[in-house]
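This chain uses plain numbering: 1 for the first residue, then up along the sequence. In each ligand, atom 1 is the first atom listed, and ligand 1 is the first ligand listed. These values consider heavy atoms only, across backbone and side chains, with no hydrogens, waters or symmetry-generated copies.
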Amino acid sequence: MTRSMIALALAFAMAACSDNSAGVSAAPSGKPVEGMGGATVADFKTDTNMLDLMAHVIDYNAWAVWTAQGWIIDAGGIHELFPTTDAGWDAAESAAFTLAETSNLLLLPGRPRDEERYWVDYAHQLYDASKKAQAMALARDKQGFFDAGGEIYQACVACHNRYVAGNMPGPRATLPEPPNRMPPPNQ
Ligand code: HEC
């Protein structure tokens with residue numbers, strides 16, 4: 001069992017302790033925890049590596065948000081990139097929902113890169129920004145949706161600044177190509 005798995009098991013045990021109103025004692029590591037459907041920590045499937053999780057799950061859905069927002073100003077005037085149909089807004093909202101939920105995948109056993117709380121905080125930052133984007137897409141609030149997209153990007157950068165400083169080791173994953181892919185803001 002890795003140190004982070006132990007930490008997660010401890011977190012579950014502590015959560016069980018703090019909500020002890022029904023007289024349920026803390027579940028020992030490896031035993032089912034209430035609310036987990038009888039699953040144990042060992043039931044999480046985490047064989048997908050971080051590069052593929054980033055490229056194909058997190059980056060993929062982030063681009064589905066980013067390509068659905070913003071303005072392009074050229075000789076022809078101002079062109080909006082925001083959805084123009086309910087189906088388009090639904091897709092943007094779904095991408096933001098998906099991104100929010102994927103932030104939980106970063107917290108699965110073995111995924112955090114150390115035992116600091118920074119990783120957890122960055123995952124939560126991504127969750128909050130994505131939920132804001134979801135709410136703004138639902139409200140058809142273009143400026144709010146755009147601003148939330150910026151906050152999503154800040155969450156990515158905050159974590160990368162700490163954990164992916166400079167050169168990333170190993171081979172790059174194959175990045176998916178969303179339609180109308182734009183260069184990331186920092187390139
Ligand atoms: C909690 C931390 C964390 C957050 C938040 C995070 N990342 Fe990452 N990201 C990483 C780590 C760690 C790596 C490097 C993985 C490795 O080298 O094994 C990485 C690598 C990547 C890569 C490189 C993949 C490749 O092919 O080289 C992309 C693209 C990426 N992240 C996109 C994003 C986007 C987009 C967001 C925000 C929507 C985001 N990440 C948020 C931790 C994070």
Asker: Give the atom numbers and elements of ligand 1 that come within less than 4.0 Å of a heavy atom of Cys159.
Answerer: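 The atoms of ligand 1 under 4.0 Å from a heavy atom of Cys159 are 1 (C), 2 (C), 3 (C), 4 (C), 5 (C), 42 (C), 43 (C).
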Asker: Does any N or O atom in Tyr163 lie less than 3.5 angstrom from one in ligand 1, N or O only?
Answerer: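 Between Tyr163 and ligand 1, no N or O pair is found under 3.5 Å apart.
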Asker: Checking side-chain polar atoms at under 3.5 Å, does Asp121 have a donor or acceptor matched by the opposite partner on Gln125?
Answerer: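 There is no such pair (donor and acceptor under 3.5 Å, judged by atom type) between the side chains of Asp121 and Gln125.
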Asker: How close do Trp119 and Leu107 get, heavy atom to heavy atom, and via which atoms?
Answerer: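 In this case the closest contact between Trp119 and Leu107 is CD1-CD2, 4.0 Å.
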Asker: Tell me the angle that NE2 of His160 and SD of Met54 form around atom 8 (Fe) of ligand 1, rounded to 10°.
Answerer: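 Value returned, to the nearest 10°, is 170°.
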Asker: Kindly give the heavy-atom pair with the smallest separation between Met50 and Arg113, and that separation in Å.
Answerer: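 Closest approach of Met50 to Arg113: CB-NH2, 3.4 Å.
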Asker: Answer side chain, backbone, both or neither: which part of Gln125 comes under 4.0 Å from ligand 1, heavy atoms only.
Answerer: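 The answer is neither.
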Asker: Taking all atoms of both residues into account, what is the closest heavy-atom pair of Tyr127 and Ser103, and its distance?
Answerer: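 For Tyr127 and Ser103, the tightest heavy-atom pair comes out as CB-OG, 3.3 Å.
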Asker: Which option out of Thr102, Leu51, Asp121, Asn49 puts a heavy atom nearest to atom 24 (C) of ligand 1?
Answerer: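 Result: the heavy atom closest to atom 24 (C) of ligand 1 is in Leu51.
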Asker: As a check for students: among Leu126, Leu99, Asp59, identify the option with a heavy atom nearest to atom 35 (C) of ligand 1.
Answerer: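 Ranked by closest heavy atom to atom 35 (C) of ligand 1, first place is Asp59.
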Asker: As an exercise, state the distance from OG of Ser130 to CD of Glu151, rounded to the nearest 0.5 Å.
Answerer: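 Here the interatomic distance stands at 10.0 Å.
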Asker: Could you tell me, atom by atom, which parts of ligand 1 come under 4.0 Å of a heavy atom of Ile152?
Answerer: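 Heavy-atom distances to Ile152 below 4.0 Å select 38 (C).
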Asker: Give the atoms of ligand 1, by number and element, whose distance to some non-hydrogen atom of Cys156 is under 4.0 Å.
Answerer: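 With Cys156 as reference, the close atoms of ligand 1 come out as 34 (C), 35 (C), 36 (C), 37 (C), 38 (C), 39 (C), 41 (C).
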Asker: What orientation do Phe82 and Trp89 show, parallel under 30°, tilted 30 to 60°, or perpendicular over 60°?
Answerer: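 Because their plane-to-plane angle is under 30°, the rings of Phe82 and Trp89 count as parallel.
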